Amino acid sequence: MKIRSMKLREAHKNNGVASQSSIVYDIKGERIVTALASDASICIHDAFLSSVSPKVLRNHRDGVTCLAISPNSTCLASGSIDHSVKLYKFPGGEFETNITRFTLPIRSLAFNKSGTMLAAAGDDEGIKLINTIDGSVARVLKGHRGSVTGISFDPKGEYLASVDSVGTVIYWELHNSGIIAHNLKGIAPSTSSDSSIINILQWSPDGEMLAVPGLKNDVVMYDRDTAEKLFTLRGDHVQPVCFLSWSPNGKYMATSGLDRQILIWNVDQKQDIDRQKFEERICCMAWKPNGNALAFIDAMGKYGVWESTVPSSMKSPTEGTQTVKSNGVLFFDEDEQEPSASGSLSDMGEDSFDESEIASRKRLRQHSKYDEALDEDNADELNFFPKAEPHKKPYEDELNFFPKPESRKKPRKEKLDSAKEGLQSTMVIAGPKLQEAFQPGSTPVQPGKRRFLCYNMLGSITSIDHDGYSHIEIDFHDTGSGPRVPAMTDYFGFTMASLNENGSVFANPRKGEKNMSTLMYRPFSSWANNSEWSMRFEEEEVRAVALGNSWVAAVTSLNFLRIFTEGGLQKHVLSLDGPVVTVSGSGDELAVVTHSSSPLASSEQMLEFRVFNICSGTLPKRGKLPITPGSSLTWFGFSEEGQLSSFDSKGVLRVFSNQYGGSWLPLFSASKLKKPEENYWVAGLNMSKLFCIVCKSPDSFPQVIPKPVLTLLDLSCPLASSDLGADNLENEFICNNVQLCQIQSRIDEMLASGQDTSSLDDEAFSVEAVQDRCILRLIASCCNGDKLVRATELVKLLSLEKSVRGAIKLVTALKLPNLAERFNLILEERLQKESMETPVLPRAALNCDTSFKADVSGKTSILPESSVPVEPAIPASSEKFPTNPFTKKTLQEPVKAGKAKTDEKQTTKIESKGTVNNLSESKNSVDIKNAGQTSKVGEGHRPSNPFAKSSNNQEKSSLLDSLKKMKNDRTPKK
């Protein structure tokens, strides 16, 4: 075998002492990243232009011991002797965050297949599984008795393998809360005497085998499921192997040893095919993802690239590269998992390492195409007996994936090698991921920048990290009304908060040596000293928090809904029937969103909401929460009027309505604005406006500095393009209808509880008047567009009699006599129906003359000139349709005679706010303004709203004079 000399380039300065080094390739093979344990810098090299100076990252305070790059090469992670793990954007190298810290130096890092989880381990013997999306620690795995020097994710997403400095290898089951599946003691060399030498292990690209350095200067392959020894690679290494790396297609392996040489192996043939000797020990190697090359770095910080690593006469190391996808069950998704019993950095019992446990956890290998190697006799024999089911993974049935392959009998070793030729490993289809829990109004962690823990319509809570603690400030949008709250120092690392007028609540994920999650409530004012309180949760993590009237709520990783009083009394603990997504509180109501089932194949999240009334202990609302297919929920809460609302990542706002037994109405769609460069971060809403912060793409959330500006957007239903060309009017019509329904629902609730609804009556009356004006403009558009049937439908929806008369005058002016006749018939029928259903009250009982005279011009005489009552006991308007549920209760109060006379003589003129096409030139033009605007005496009872329930407890007035007058007005027209 020919030995060639190879030129190395200095990447890092060293003090002349050998130390651990790291090297990685990006996915395109364009850049090489290097690090050295005796150098605090990271170098990003151009793989094609070695003469170009590398980009240097200097963010660590001490030597960099390990590197990892995400599968899509957009994120770089580094671990250091300074106990920190940092993330950077790649390839730019911009520092992102200190994602976690350890108590001792870091020794190993590894990303999972999707890049959403980072495993970190080091000298403190614990392995942290970190969610790279929000920086939270999903799990802490404890089981090693030495420094953890090597970790590797199974490409199929079922296992994490780790090795420590005393030679112990552990298989962790990721789907089963990180429990130990296999514990193999003393199978790798011991390296505890020299920190510059580490043990390493690595899964094969197809996930079928785990490669571990052996005790005889060799590499041993272990089965993925049973952890049984399969075969070894033994060749020219004369000292222990210290690093190994699989080629992208799994056909070859590169190994480096303490004997300062690299061997290239043909794994199928179990034979070394090439080697290279060096002056120093090679600490780390990386195959080029898209070529026949191997990058390596020695213990002195010099790196090189071995071109044409595999002889040209053999298959390329990238030929036939297999893509093994994760099975879609993301282990870091704590919403669907119980916390690990080993999820603490405290020591575990020795019983965890009994050899009997290893035997009890052994499983049959999954059925694969290797079964074809079985001879016919064995195949027949196997078919005669039922096949055993494989070890079942939690949540696989829940996520409704494809049926799992059956287990198989172990094939003969002499058949295994030949069966592997040309066969691909079993492919597992990736499934959609459950949405992570989030806190409404909070933003992700940003290194060195202040972030929002909470932002709502009342104010904001911000936090900025310092060394080991955070600085939290609470600000109110209206500084004049909100209390002045002093800033606080946070030693717990709070990541979420909620704010209302009475106080604030904070929570953090599991953190610290005791691995406990903390919930803390701080009232803004109290008659007692020391009114602040906190709760700690062991083996449980707070996912979201909410505040209401005298209560605090927290939902945890065990799917517990915990309710506390304002003083800290633990009042209720409820079990939810699914992983939580988010929570929100308003008044006495607490709304909780959970997953009802696994996502659909189209990635559509299946969500469910429940609204708890904390005061009464009831569940008034419950149902499915719709979101746009392919989107996720980004905001959830209550409007200023108390309406439940949601906003998804596709920019669709939905508001819950009691219509049709409870439905979600889409009242805003960002796509209708046709501004793809803008993202909308919601803060709240009211009946007519959406309050949000506009973020320019690609930003999806605002920065604290400069102070964000709230933008008010009109609510707009995603309507189809109308043939009338009156989209704005149709949208206004629907929004007014929704608003009336919301007011009616609130009135019903207040009446049921015996509260006064006067203020809501006035609000509803105003909305009715606005709705009538909108309908009149729509009728004009229908007439101009020759949509007369639609105009007839619209006139039936008018609330006020004056509005109907205005519609009659409108179509008359537009020279549509047939339509005017239909409108007259509609008015006549409604008045007659009311006359038949409502008995005319005697005038003696009313103590006043409630008859009226109305002419076509719109002037109304409320009382005859000769009638001057002293007390208008029941003021009523004759210009009304069947009773309105929003009608205010009449109060019999004595009124001064002079004021009564003045009010009785007031008249109302109907004028138009907008103009109707072609009416300005007509002599019979009609002004339609404030159709429902009448004097207080004349409008004691408002006409009915066609969308609202009718009320039977309201007095009716005489309609005879109105009918006679209407008939007299119609006689000349005929």
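Model, not experiment: these values are computed from the prediction.
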Looking at side-chain heavy atoms only, is the closest gap between [X] and [Y] below 4.5 Å?
{"X": "Ser245", "Y": "Gln202", "result": "yes"}
{"X": "Lys185", "Y": "Val166", "result": "no"}
{"X": "Tyr252", "Y": "Met314", "result": "yes"}
{"X": "Gln20", "Y": "Thr65", "result": "no"}
{"X": "Ile127", "Y": "Leu129", "result": "yes"}
{"X": "Ile44", "Y": "Pro54", "result": "no"}
{"X": "Glu208", "Y": "Lys156", "result": "yes"}
{"X": "Arg260", "Y": "Glu279", "result": "no"}

Which pairs, with at least one residue in residues 47-56 and sequence neighbours excluded, count as a side-chain hydrogen bond (donor to acceptor under 3.5 Å, both in side chains)?
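Counting only pairs at least two positions apart or across chains, no side-chain hydrogen bond (donor to acceptor under 3.5 Å, both in side chains) contact touches residues 47-56.
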Spell out, as yes or no, whether a donor-acceptor pair under 3.5 Å connects the side chain of [X] to the backbone of [Y].
{"X": "Asn131", "Y": "Ser136", "answer": "no"}
{"X": "Ser165", "Y": "Gly146", "answer": "no"}
{"X": "Gln261", "Y": "Arg275", "answer": "no"}
{"X": "Asp26", "Y": "Ser73", "answer": "no"}
{"X": "Ser41", "Y": "Leu57", "answer": "no"}
{"X": "Ser80", "Y": "Asp82", "answer": "yes"}
{"X": "Thr149", "Y": "Ile198", "answer": "no"}
{"X": "Asn292", "Y": "Thr309", "answer": "yes"}
{"X": "Thr132", "Y": "Leu118", "answer": "no"}
{"X": "Asn14", "Y": "Ala18", "answer": "no"}

Under the ring-ring contact (aromatic ring centres under 6.0 Å, His included) rule, collect the residues that match up with [X], sequence neighbours excluded.
{"X": "Trp203", "value": "Tyr171"}
{"X": "Phe296", "value": "Phe278"}
{"X": "His45", "value": "Tyr303"}

Nearest 0.5 angstrom please: [X] [atom1] to [Y] [atom2], how far?
{"X": "Ile264", "Y": "Leu294", "atom1": "CD1", "atom2": "CG", "result": "5.5 Å"}
{"X": "Thr168", "Y": "Ile170", "atom1": "OG1", "atom2": "CD1", "result": "6.5 Å"}
{"X": "Ser78", "Y": "Leu87", "atom1": "OG", "atom2": "CG", "result": "8.0 Å"}
{"X": "Met253", "Y": "Asn266", "atom1": "CE", "atom2": "CG", "result": "11.5 Å"}
{"X": "Leu233", "Y": "Thr255", "atom1": "CG", "atom2": "OG1", "result": "8.0 Å"}
{"X": "Ile200", "Y": "Ser152", "atom1": "CD1", "atom2": "OG", "result": "8.0 Å"}

Output all residues satisfying salt bridge (charged side-chain N to carboxylate O under 4.0 Å, His left out) with [X], sequence neighbours left out; order by chain, then residue number.
{"X": "Arg9", "answer": "none"}
{"X": "Asp259", "answer": "none"}
{"X": "Lys13", "answer": "Glu10"}
{"X": "Asp154", "answer": "Arg224"}

What residue pairs, at least two apart or across chains, pass salt bridge (charged side-chain N to carboxylate O under 4.0 Å, His left out) with a residue in residues 60-74?
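Those involving residues 60-74 are Arg61-Asp467.
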Can you list every salt bridge (charged side-chain N to carboxylate O under 4.0 Å, His left out) pair that touches residues 282-304, not counting sequence neighbours?
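Checked against salt bridge (charged side-chain N to carboxylate O under 4.0 Å, His left out) - neighbours excluded - no pair reaches residues 282-304.
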Give me the atom names and distance for the closest heavy-atom approach of [X] to [Y].
{"X": "Val169", "Y": "Ile187", "value": "CG2-CD1, 3.5 Å"}
{"X": "Phe153", "Y": "Ala110", "value": "CE1-O, 3.2 Å"}
{"X": "Gly157", "Y": "His175", "value": "O-NE2, 3.1 Å"}
{"X": "Asn217", "Y": "Pro240", "value": "OD1-N, 3.1 Å"}
{"X": "Met285", "Y": "Ser256", "value": "CE-N, 3.6 Å"}
{"X": "Ala299", "Y": "Leu36", "value": "O-CD1, 3.8 Å"}

One pair to check against side-chain contact (heavy atoms from CB on, under 4.5 Å): Phe231 and Val267. What are the steps and the verdict?
CA-CA 10 Å; Phe231 59 90; Val267 178; 4.1 Å; yes
If you apply the rule salt bridge (Lys or Arg N to Asp or Glu O under 4.0 Å), what do you find for Asp164 with Arg145, and how did you get there?
CA-CA 8 Å; Asp164 58 29; Arg145 285 294 177 266; over 6 Å; no
Criterion side-chain contact (heavy atoms from CB on, under 4.5 Å) on Arg281 and Ile197, from CA distance to verdict
CA-CA 10 Å; Arg281 168 171 49 88; Ile197 303 173; 3.9 Å; yes
Stepwise side-chain contact (heavy atoms from CB on, under 4.5 Å) test for Asn249 and Trp287:
CA-CA 10 Å; Asn249 62 1; Trp287 288 86; over 6 Å; no
Member of Asn98, Thr97, Asn59 meeting the side-chain hydrogen bond (donor to acceptor under 3.5 Å, both in side chains) criterion with Lys86
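The side-chain hydrogen bond (donor to acceptor under 3.5 Å, both in side chains) with Lys86 is passed solely by Asn98 among Asn98, Thr97, Asn59.
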For His12 and Ser21, what are the C-alpha separation, side-chain angles and deciding distance, and is it a side-chain hydrogen bond (donor to acceptor under 3.5 Å, both in side chains)?
CA-CA 10 Å; His12 300 272; Ser21 56; over 6 Å; no
side-chain contact (heavy atoms from CB on, under 4.5 Å) involving Asp123 - partner list, sequence neighbours excluded:
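For Asp123 the side-chain contact (heavy atoms from CB on, under 4.5 Å) partners, ignoring immediate neighbours, are Leu104, Pro105, Arg107, Ser147.
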Partners meeting side-chain contact (heavy atoms from CB on, under 4.5 Å) with Cys284 (sequence neighbours left out)
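Checked Cys284 against side-chain contact (heavy atoms from CB on, under 4.5 Å); matches are Ile23, Phe243, Ile297.
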Please determine which of Val85, Ile106, Leu141, Val140 meets the side chain to side chain contact (heavy atoms under 4.5 Å, CB included) test together with Lys128.
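When side chain to side chain contact (heavy atoms under 4.5 Å, CB included) is applied between Lys128 and each of Val85, Ile106, Leu141, Val140, only Val140 qualifies.
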